[in-house]
Amino acid sequence: MNRLVIGTRASKLALAQTQTVIARLQQLYRELEIVIEPIHTHGDRVTEAPLARIGGDGVFVTEIERALRAGVVDLAVHSLKDLPTAPPEGLLVLVPGPREDVRDVLVRRRDFLGSPAEPGVRIGTCSLRRAAQLRALYPQAQILPLRGNVDTRLRKLEAGDYDLIVLAAAGLRRLGLSEGLADRLECLPVETLLPAPGQGALALELRADSELLPLLAPLNDVEVQAATSAERAFMRHLGAGCYLPVAAYAWLADGRLHLRALVISLDGRRAVRVQGSVAWHAGQAPRLAAQLGMMLAEQALAQGAEEIIAEIRAASTV
């Protein structure tokens, strides 16, 4: 193949993420012509309503997958956390490395010198996962909804709509904004605010019968794919969607694949936390990741996670 058409969301962040993939491909295949096809998704077009209200899973990927299946694009690049955890019919998913910083960050308004723990402080986020954990961390703060791309959210912060907002460290780094905001950033450790499954990782999606698999295989990172697969297996086995307050983070250390996970109520008052690990063998990575994610999901369900998820679903339909 001499020409490759890549489909991705028509946002500045998605295009920046796609450029990192293109740079890797161009290092491997210098003669390959690569074209980006920006695609406007439902989640990008509807920016005022909460994600759970406009369709939840797939709101940032459905149109891109449609173009992929139709042959309009050869390859799709996504933020992995946007992909539904159910295997996509007729498509394959590869996870390139390295994984970006998985942490969330608090960004302070330029003239705000207070603490997020102060009564009445306004903190903006579009994520139920972040909102629920923030309510537990800062029970006296106001947790307010915030949609839009990163630039829009930062403009709303500076306009005085919020005192602090929460963003993904990975997005800020990929957009080259971290350095300029360094004096106003507070990185939240994963022990404090657990990230979304797949946060900080990219996903490459291609048709199952595509001839591209050998070309893309060198980009796949077995360890990153295993870690994110364990996180996503946890969410999938719970029956939870991408936009519910479910968090998970997996990592490799000391010859084991570790997973820490959380299901939390919207008010932050009830939380089910689980943690475990399995011995790591690269040749058995997919099985081990699935095993670990399912094992911890079963533990979470036994501790009451199912009731929390059911209540959140019921609330989102009101």
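We use all heavy atoms of the structure for the numbers below, so side chains are in, but hydrogens, waters and symmetry mates are not.
Looking at Arg173 and Glu100, a side-chain N of the basic residue comes within less than 4.0 Å of a carboxylate O on the acidic one, giving a salt bridge.
The backbone N or O of Gly198 lies less than 3.5 Å from a partner atom in the side chain of Glu231, making a donor-acceptor pair.
Glu298 and His237 are linked by a side-chain donor-acceptor pair at a separation below 3.5 angstrom, with hydrogens and angles left out of the test. Side chain to side chain, Gln199 and Asp104 meet the donor-acceptor criterion of an N or O pair below 3.5 Å. With no hydrogens or angles considered, a side-chain donor-acceptor pair links Arg155 and Thr152 at under 3.5 Å.
Partners of Arg103 according to the salt bridge (charged side-chain N to carboxylate O under 4.0 Å, His left out) rule, which considers only residues two or more places apart in sequence or in another chain, are Asp101. Under the salt bridge (charged side-chain N to carboxylate O under 4.0 Å, His left out) criterion, Glu191 pairs with Arg260, sequence neighbours left out.
Closest heavy-atom contact between Leu244 and Arg129: O-CB, 4.2 Å. The shortest heavy-atom contact between Pro245 and Leu266 is CG-CD2, 4.0 Å. For the pair Trp280 and Ala285, the tightest heavy-atom approach, listed with the atom from each and the gap, is CH2-CB, 3.5 Å.
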*Between Phe112 and Val121, does a side-chain contact (heavy atoms from CB on, under 4.5 Å) hold up when you go through it step by step?*
CA-CA 10 Å; Phe112 176 72; Val121 166; 3.9 Å; yes
*Hey, mind stepping through Glu311 and Arg269 against salt bridge (charged side-chain N to carboxylate O under 4.0 Å, His left out) and telling me if it holds?*
CA-CA 13 Å; Glu311 288 176 14; Arg269 294 178 181 174; over 6 Å; no
*So Leu13 and Asn149, side-chain contact (heavy atoms from CB on, under 4.5 Å) or not? Walk me through it.*
CA-CA 8 Å; Leu13 176 56; Asn149 59 35; over 6 Å; no
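For the side chain to side chain contact (heavy atoms under 4.5 Å, CB included) with Arg135, the qualifying choice from Ile264, Ile143, Ile123 is Ile143, the only one to do so.
Residues Gln133 and Leu262 meet the side-chain proximity criterion, which asks for heavy atoms closer than 4.5 Å.
More than 12 heavy atoms of other shown residues, nucleotides or ligands fall within 6.0 angstrom of atom CG in Asp209. The local environment of CZ in Arg273 is sparse, with at most 12 non-hydrogen atoms from other residues, nucleotides or ligands closer than 6.0 Å.
Rounding to the nearest 0.5 Å gives a distance of 7.0 Å between CG of Leu172 and CG of Leu154.
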